[in-house]
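Below: the structure, in structure tokens.
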2 protein chains.
Amino acid sequence: MIHLMIETVTSLTIGKLAQQAGVGIDTVRFYERRRLLPEPARTASGYRLYAPESVARIRFIRRAKDLGFSLDEIDTLLGLHDVGGTKAEVKALTERKLEQIDAKIDHLQRIRTVLKGLSDQCSGEGDISACPIIESLTHD
Amino acid sequence: MIHLMIETVTSLTIGKLAQQAGVGIDTVRFYERRRLLPEPARTASGYRLYAPESVARIRFIRRAKDLGFSLDEIDTLLGLHDVGGTKAEVKALTERKLEQIDAKIDHLQRIRTVLKGLSDQCSGEGDISACPIIESLTHD
DNA sequence: CTTGACCCTGGACCCGACTCCATGGTTTAT
DNA sequence: ATAAACCATGGAGTCGGGTCCAGGGTCAAG
């Protein structure tokens, strides 16, 4: 049996897609399993063949991830994009994410304040006895 | 064979230790495996027996964790505490942690700015076409 | 015709910090 | 005497987001 790989002018193998989108091959397959990417066309021999739009879809996922969205949330976002949700839905997701980010910042800032206070109190000189940092961890 | 559980006035079984320290029993055993807690004494039948100081040690771990230290870092901190490190070492660890926290806050704040910008641009009305949030994820 | 670069699959493994489980022994309260 | 509550062990499972591997098929270049 002899097969010819029929690649239309613009379609991509998984390797080229991954390269163009800036992710690893395994990541593409992983996104497919997670249903963030639709099942691609296949050549006669089973190779995945992607339309160039897939590059944009992966970049979408990556940018959303960089903004702090989880893959589940990105799934929802892509669903709204694909099926035609409303701006209100997208905005609601964004605002919820914003609140989560704010909560994280808040939490880190509270930690930061404590840590800074401890660091400032500690002379950094001498052995560990009466180190205010250790003390504060040791007692209430 | 009949054994009596010899609990000196102040020593604790793992359950009571866990309860007083505010963690689960499994967490105590986990900390022991991680060598954050020394191997405890045992009764004749193999039950772990803890001195009351162990409560403080677990609280130490918890407080350090709440301040953002990893268990590995806490191991180091406890080592300094136990073996007698210097204030300089403890302070250095604290300052490194402070830098990490600052980096995280920075990162989150950059994300926050982008997200806020997008949210503000989106009217939240109508179908998803030309949604500035989706658009920004779709293009560069 | 062979070599190397590509692709396929299913499944295991990674990180951190637990948490849960099965199976069985011990202690305590009724 | 017996049940409930505790404890022991070793090992597996959880979460998220990948990453890697073995054991194959396939394709393009020389």
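A, B, ... follow the sequence lines: proteins, then strands. Residue 1 opens every chain.
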Show your working on side-chain hydrogen bond (donor to acceptor under 3.5 Å, both in side chains) between Q19(B) and K16(B) and close with a plain yes or no. CA-CA 5 Å; Q19(B) 196 200 318; K16(B) 303 211 197 266; over 6 Å; no
Quick one: [X] [atom1] to [N] [atom2], roughly how many Å, whole number?
X       : N       : atom1 : atom2 : result
Q100(B) : dG16(C) : CD    : P     : 13 Å
E73(B)  : dC15(C) : CD    : P     : 16 Å
E32(B)  : dT19(C) : CD    : P     : 17 Å
L12(B)  : dT27(C) : CG    : C1'   : 17 Å

By the side chain to side chain donor-acceptor pair (under 3.5 Å) test, which pairs, at least two apart or in different chains, include something from residues 75-84 of chain B? R57(B)-D82(B)
With the sugar-phosphate defined as primed atoms, P, OP1 and OP2, and the base as all remaining atoms, what B/S/- string results for nucleotides 1-6 of chain C, 5' to 3', for protein heavy atoms under 4.0 Å? -----B
Under 4.0 Å protein heavy-atom contacts per nucleotide of nucleotides 14-23 of chain D, with B for base, S for backbone only and - for none: ---BBBB---
Please list, one pair per line, the donor and acceptor atoms closer than 3.5 Å that link side chains of residues 108-119 of chain B to other protein atoms, with sequence neighbours excluded.
{"unit_1": "R112(B)", "atom_1": "NH1", "unit_2": "D102(A)", "atom_2": "OD1", "d": "2.6"}
{"unit_1": "R112(B)", "atom_1": "NH1", "unit_2": "D102(A)", "atom_2": "OD2", "d": "2.7"}
{"unit_1": "T113(B)", "atom_1": "OG1", "unit_2": "Q109(B)", "atom_2": "O", "d": "2.9"}
{"unit_1": "K116(B)", "atom_1": "NZ", "unit_2": "D120(B)", "atom_2": "OD1", "d": "3.1"}
{"unit_1": "K116(B)", "atom_1": "NZ", "unit_2": "D120(B)", "atom_2": "OD2", "d": "3.0"}
{"unit_1": "S119(B)", "atom_1": "OG", "unit_2": "E95(A)", "atom_2": "OE2", "d": "3.1"}

Does dC27(D) have OP1 or OP2 sitting under 4.0 Å from an N or O in the side chain of S45(A)? yes
Less than 4.0 angstrom between a side-chain N/O of R48(A) and OP1 or OP2 of dC8(C), yes or no?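 Result: yes.
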Quick one: side chain to side chain donor-acceptor pair (under 3.5 Å) partners of E89(B), sequence neighbours excluded?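 Listed in chain order: T86(B).
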Mind checking side chain to side chain donor-acceptor pair (under 3.5 Å) for E32(A) and listing every partner two or more places apart, or none if nothing turns up?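 Scan of E32(A) (side chain to side chain donor-acceptor pair (under 3.5 Å), adjacent residues dropped) gives R48(A).
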Residue pairs fulfilling ring pair (Phe, Tyr, Trp, His ring centres under 6.0 Å) with at least one residue in residues 86-134 of chain B, sequence neighbours excluded: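 Counting only pairs at least two positions apart or across chains, no ring pair (Phe, Tyr, Trp, His ring centres under 6.0 Å) contact touches residues 86-134 of chain B.
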Taking only residues two or more places apart in sequence or in another chain, which ones pass side-chain contact (heavy atoms from CB on, under 4.5 Å) with L71(A)?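 L71(A): side-chain contact (heavy atoms from CB on, under 4.5 Å) contacts with F30(A), Y31(A), R34(A), L36(A), I61(A), K65(A), I74(A).
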Under the salt bridge (Lys or Arg N to Asp or Glu O under 4.0 Å) test, residues paired with D127(A) that sit two or more places apart: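 Listed in chain order: nothing, the list is empty.
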